[in-house]
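Comments concern the structure below.
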Amino acid sequence: MPDLRFNPLRKEWVAYATERNDRTFLPTDFCPLCPSGVGGSSEVPLDDFEVVVFENRFPAFGPDRSGGRPVRPSSTGCEVVVYAPEHQLTLAELPVERVRLLVDVWADRYLTLGARPGVNYVYIFENKGEEIGVTLHHPHGQIYALPFIPPFAELELQASKEHLEKAGRCLHCDEIEGEAGGPREVAADDAMIAFVPYAARWPYEVHLYPRRHVRSIAELEGAERWALAEALLRLTSTYDRHFGFPTPYVMALHQAPSDGQDRPEAHMHFEFYPPHRRADRLKYLAGVELGAGTFVNDTKPEDTAAHLRRALQPARVGF
Amino acid sequence: MQSSDAPLPEDEAPPSRDARPRVEPDEPEVLTMVEVELPDGRYLLLYGRYAPDPHDA
């Protein structure tokens, strides 16, 4: 069963989920996420769907399932979000209407899972590409309803809280203001802005923000949700154009915890970490990154931002 | 090497922010979710959108 152990030396939780070691791995003749028709054997035994959400059969967190068939968790857990029935598509290739629906789904799951007892953080993310370690290629993302605030989110929240108390402003809002129109901006419109951060860990890391200070994706208004859908499409397709292939990445949504606190210091945003430093080279986490916790980046954020700007569709302005 | 404060070449300048999102339709559609329980006890949450009939308002 999934288990959590706390490491007091690093003050971090480590999840153990031994069942995941035997999960489906890059099947070639069958996709568990494709619609298999009524009575079919995939995870979605239906003829069709738009976006479907279900409990992960191999969760990293959540209730004990070793006693028999899966149960509906009442608290923490892991969900799979399948973006479309079409197996070959990627997020970058979806119609904007589908991505807009996806934004609504993420917002709904954030509120629903965050309201469960024991859930302190709803972490929405996507792993894309074998280089990242995906085991299924069908376009999908994941949601972890965590019993704790994960370390990166905790660190960001603490830094932003200290800045808010000291300067009276959101640290993320100040970052946005500092990056707007600058050499690291990748694209922007009235509602959204994307940039390679000043101290990016990854060569082509991009942070995508709503300009308005909103704590979570659920607080985005209708026009902002459309703008976010557009921005997600633009950014992911820009990666593909720049590298010349469907680009692997980790997409992580950082937002306010679901711990019952007001959290004015939170400012929702997406972070993208593609592992490529050039089309034919990967950035690996090695001794300095894994052993010392310090990233070494072979590229300058100003340069990679310029590369991505050149790959933007020329006919479009902004997102 | 270009300093981060140096002016950008014309062809590398960030795009203007005058443009509005390409798609910004009205918001008559609402999110729908249908819960389907499978014979093995699993469940699926099927999300979609539909445009309500204005005559139903």
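Naming convention: chains lettered A, B, ... in sequence-line order (proteins, then strands); numbering from 1 in each chain.
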Which heavy-atom pair separates Glu205(A) from Arg201(A) by the least distance, and what is that distance?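 Shortest heavy-atom separation between Glu205(A) and Arg201(A) comes out as OE1-N, 2.9 Å.
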
So for [X], is it side chain, backbone, both, or neither that comes closer than 4.5 Å to the heavy atoms of chain B?
X         : result
Glu79(A)  : side chain
Val80(A)  : neither
Leu102(A) : neither

If we ignore angles and hydrogens, is there a donor and acceptor under 3.5 Å between the side chains of Glu126(A) and Tyr83(A)?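 A pair is found: one side chain offers a donor N or O, the other an acceptor, under 3.5 Å apart.
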
Pair Tyr47(B)-Arg109(A), side-chain donor/acceptor within less than 3.5 Å: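 Indeed, the side chains of Tyr47(B) and Arg109(A) share at least one donor-acceptor pair under 3.5 Å.
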
Thinking salt bridges, do Arg42(B) and Glu43(A) make one under a 4.0 Å N-O criterion?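 The answer is yes: the pair qualifies as a salt bridge.
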
Is chain A contacted by the side chain of Leu31(B), its backbone, both, or neither, given a heavy-atom distance below 4.5 Å?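 Side chain only.
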
Which atoms of Leu46(B) are under 4.5 Å from chain A, going by heavy atoms: the side chain, the backbone, both sets, or neither?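 Both backbone and side chain.
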
What do the steps show when you test His207(A) against Phe272(A) for ring-ring contact (aromatic ring centres under 6.0 Å, His included), and what is the final call? CA-CA 6 Å; His207(A) 294 188; Phe272(A) 285 80; 9.4 Å; no

